[in-house]
Asks: 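Following this message is one structure expressed as structure tokens.
Values in this document were obtained by computation on a predicted structure and should not be read as measured data. The figures that follow rest on heavy atoms only: side chains count, while hydrogens, waters and symmetry mates do not.
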Amino acid sequence: MKQPRAWQRMLSGRRLDLLDPTPMDIEIDDIAHGLAFVARWNGQTIGDYAYSVAEHSILVEKIYSLIQPKAPIKWRLAALLHDAPEYVIGDMISPVKAAVGPGYGALDDRLTAAIHIKFGLPASIPVAVKKQIKKADKISAWLEAIQIAGFSTEEANKLFGTPDGNLVAGLRIHLRAPLAVRQDFTAKHHELIAML
């Protein structure tokens with residue numbers, strides 16, 4: 001029996017096998033482009049533009065660098081790329097991930113490993129670093145929930161935890177066109193790679 005097609009042609013011309021991805025088929029321009037067009041919150045946010053995973057990833061890297069100002073640059077890069085697999089598998093909200101089951105997590109893990117190796121990171125990052133990136137991710141989700149997704153502060157505190165007020169005081173979400181976000185994501189990636 002013939003296996004179903006499991007690869008996707010990327011704009012770079014690469015064929016990315018979703019079930020067996022290789023670092024050779026990963027390109028930052030494909031990631032930036034895809035993430036700039038993937039909407040967080042299933043698009044249920046205010047504004048004229050969707051809040052993209054690329055924009056979220058830029059914010060998570062910024063928050064991570066505030067939480068861990070002395071962290072090695074490679075972990076800031078890992079923070080920027082924490083949702084990179086979503087450029088081909090999309091952003092599923094947590095309740096849907098739970099309903100889909102462990103298959104989604106395994107697919108995400110394989111893509112993450114290939115992406116990490118491509119950009120000089122270990123396939124799997126240390127648990128302590130992963131926890132700090134997850135903390136930054138939750139703070140970002142809290143900001144997004146309150147500022148653009150219609151949640152009350154109380155509801156966001158319950159779902160994502162209450163962040164340090166000093167940390168989030170100056171952080172504002174600005175919805176922008178995908179092209180601008182794609183360019184900023186790529187620029188941040190190049191900046192971090194150059195600092196490694």
Side-chain angles (χ1 to χ4, degrees), residues 8-14 16 18 21 25-68 71 73-94 96-97 108 111-112 114-116 118-119 121 133-151 156 160 163 167-196:
Q8 178 176 342
R9 180 178 298 281
M10 310 310 295
L11 287 178
S12 64
R14 300 277 189 191
L16 180 64
L18 301 180
D25 292 322
I26 306 291
E27 297 290 342
I28 194 59
D29 291 335
D30 292 333
I31 293 172
H33 182 82
L35 293 182
F37 284 95
V38 175
R40 280 185 52 85
W41 302 92
N42 280 344
Q44 298 301 304
T45 54
I46 61 168
D48 294 331
Y49 297 106
Y51 183 69
S52 72
V53 175
E55 191 81 76
H56 163 77
S57 298
I58 294 167
L59 180 58
V60 169
E61 187 277 329
K62 181 175 186 172
I63 294 168
Y64 177 78
S65 68
L66 292 172
I67 295 170
Q68 298 290 320
I73 297 300
K74 65 182 177 180
W75 302 141
R76 287 179 55 196
L77 179 61
L80 181 70
L81 297 171
H82 79 283
D83 279 340
E86 295 178 8
Y87 85 110
V88 287
I89 59 176
D91 180 35
M92 271 196 233
I93 59 173
S94 295
V96 175
K97 286 180 187 174
D108 187 90
L111 285 163
T112 296
I115 292 164
H116 281 183
K118 170 70 177 196
F119 300 115
L121 298 171
I133 292 172
K134 188 63 179 172
K135 180 178 179 180
D137 191 32
K138 283 190 161 193
I139 293 169
S140 178
W142 183 89
L143 286 164
E144 295 162 21
I146 291 171
Q147 292 183 19
I148 60 171
F151 287 62
F160 308 110
L167 182 71
V168 298
L171 298 175
R172 295 285 170 261
I173 292 171
H174 303 285
L175 301 175
R176 302 181 296 152
L179 175 61
V181 178
R182 181 180 76 202
Q183 289 171 337
D184 283 357
F185 182 93
T186 304
K188 176 56 74 172
H189 178 268
H190 291 320
E191 173 191 327
L192 294 172
I193 289 287
M195 294 165 65
L196 284 175

Asks: For Met10 and Val88: C-alpha separation, side-chain torsions, deciding distance, then whether side-chain contact (heavy atoms from CB on, under 4.5 Å) applies.
Replies: CA-CA 9 Å; Met10 310 310 295; Val88 287; 3.6 Å; yes
Asks: Looking just at side-chain N and O atoms, do Asp30 and Ser12 make a donor-acceptor pair shorter than 3.5 Å?
Replies: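 Side-chain D/A pair, Asp30 to Ser12: present.
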Asks: For side-chain contact (heavy atoms from CB on, under 4.5 Å), just list the numbers for Tyr51 and Val181, CA-CA rounded to whole Å, side-chain angles, deciding distance to a tenth of an Å, and then say yes or no.
Replies: CA-CA 10 Å; Tyr51 183 69; Val181 178; over 6 Å; no
Asks: Looking at CG of Leu66 and CD of Glu61, how far apart are the two atoms once the value is rounded to the nearest 0.5 Å?
Replies: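 Leu66 CG to Glu61 CD: 9.0 Å, rounded to 0.5 Å.
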Asks: Assess the residue pair Phe119 and His189 against the criterion (side-chain contact (heavy atoms from CB on, under 4.5 Å)); give the C-alpha distance rounded to whole Å, side-chain angles, the decisive distance to 0.1 Å, and a yes or no.
Replies: CA-CA 10 Å; Phe119 300 115; His189 178 268; 3.4 Å; yes
Asks: Which value, rounded to the nearest 0.5 Å, describes the distance between His174 atom NE2 and Glu55 atom CD?
Replies: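 Reported to 0.5 Å precision, the distance equals 9.0 Å.
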Asks: Quick check: closest heavy atoms across Gly47 and Leu175, and the distance to 0.1 Å?
Replies: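 Answer, listing the atom of Gly47 first, then Leu175: CA-CD1, 3.7 Å.
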Asks: Where is the tightest heavy-atom contact between Val168 and Trp142, given as atom of each residue plus distance?
Replies: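 Shortest heavy-atom contact: CG2-CZ3, 4.0 Å.
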Asks: Show, in sequence, the C-alpha distance, side-chain angles and deciding distance for Ile139 and Leu167, and conclude whether the side-chain contact (heavy atoms from CB on, under 4.5 Å) test is met.
Replies: CA-CA 9 Å; Ile139 293 169; Leu167 182 71; 3.4 Å; yes
Asks: With heavy-atom distances below 4.5 Å as the criterion, would you say the side chains of Glu27 and Lys118 are in contact?
Replies: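 Yes, at least one pair of side-chain atoms sits under 4.5 Å.
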Asks: Would you indicate whether the side-chain heavy atoms of Pro178 and Tyr49 approach each other to under 4.5 Å?
Replies: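 Side chain of Tyr49 against side chain of Pro178, heavy atoms only: contact under 4.5 Å found.
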Asks: For Asp137, what residues pass the salt bridge (Lys or Arg N to Asp or Glu O under 4.0 Å) criterion, not counting sequence neighbours?
Replies: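 Checked Asp137 against salt bridge (Lys or Arg N to Asp or Glu O under 4.0 Å); matches are Lys134.
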Asks: Is it true that His82 and His56 have ring centroids separated by less than 6.0 Å?
Replies: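 Ring centres of His56 and His82 closer than 6.0 Å.
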Asks: For Asp184, check side chain to side chain donor-acceptor pair (under 3.5 Å) against everything at least two apart and list the hits.
Replies: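 Expected list: Arg176.
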Asks: Can you tell me how far apart CD (Glu144) and CG (Leu171) are? Round to the nearest 0.5 Å.
Replies: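 Glu144 CD to Leu171 CG: 11.5 Å, rounded to 0.5 Å.
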Asks: Any non-hydrogen side-chain atom of Arg9 less than 4.5 Å from a side-chain atom of Leu16?
Replies: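 Sidechains of Leu16 and Arg9: no contact.
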Asks: Looking only at heavy atoms, what is the nearest atom pair of Ala54 and Phe185, with distance?
Replies: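 Answer, listing the atom of Ala54 first, then Phe185: O-CD1, 3.9 Å.
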Asks: Rounded at 0.5 Å granularity, tell me how far CG in Leu121 sits from CD1 in Ile115.
Replies: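 It comes to 10.5 Å.
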Asks: What heavy-atom pair brings Leu35 and Tyr87 nearest, and what distance separates the two atoms?
Replies: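 Result for this residue pair: CD2-N, 3.4 Å.
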Asks: CZ/Arg76 to CG/Leu196 distance, rounded to the nearest 0.5 angstrom?
Replies: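 Reported to 0.5 Å precision, the distance equals 10.0 Å.
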Asks: For Ala136 versus Tyr64, what's the shortest heavy-atom pair and its separation?
Replies: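 So the minimum-distance heavy-atom pair works out to CB-N, 3.7 Å.
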Asks: Look at the side chain of Gln147 and the backbone N and O of Ile173, then say whether any donor-acceptor pair between them is shorter than 3.5 Å.
Replies: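 Yes.
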Asks: Just jot down the side chain to side chain donor-acceptor pair (under 3.5 Å) partners of Glu191, sequence neighbours excluded, or say none.
Replies: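 With sequence neighbours excluded, Glu191 shows a side chain to side chain donor-acceptor pair (under 3.5 Å) to Lys188, given in chain and number order.
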Asks: How long is the straight-line distance from NZ of Lys62 back to CD1 of Ile58, given to the nearest 0.5 Å?
Replies: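 Between Ile58 CD1 and Lys62 NZ, I get 10.5 Å after rounding to 0.5 Å.
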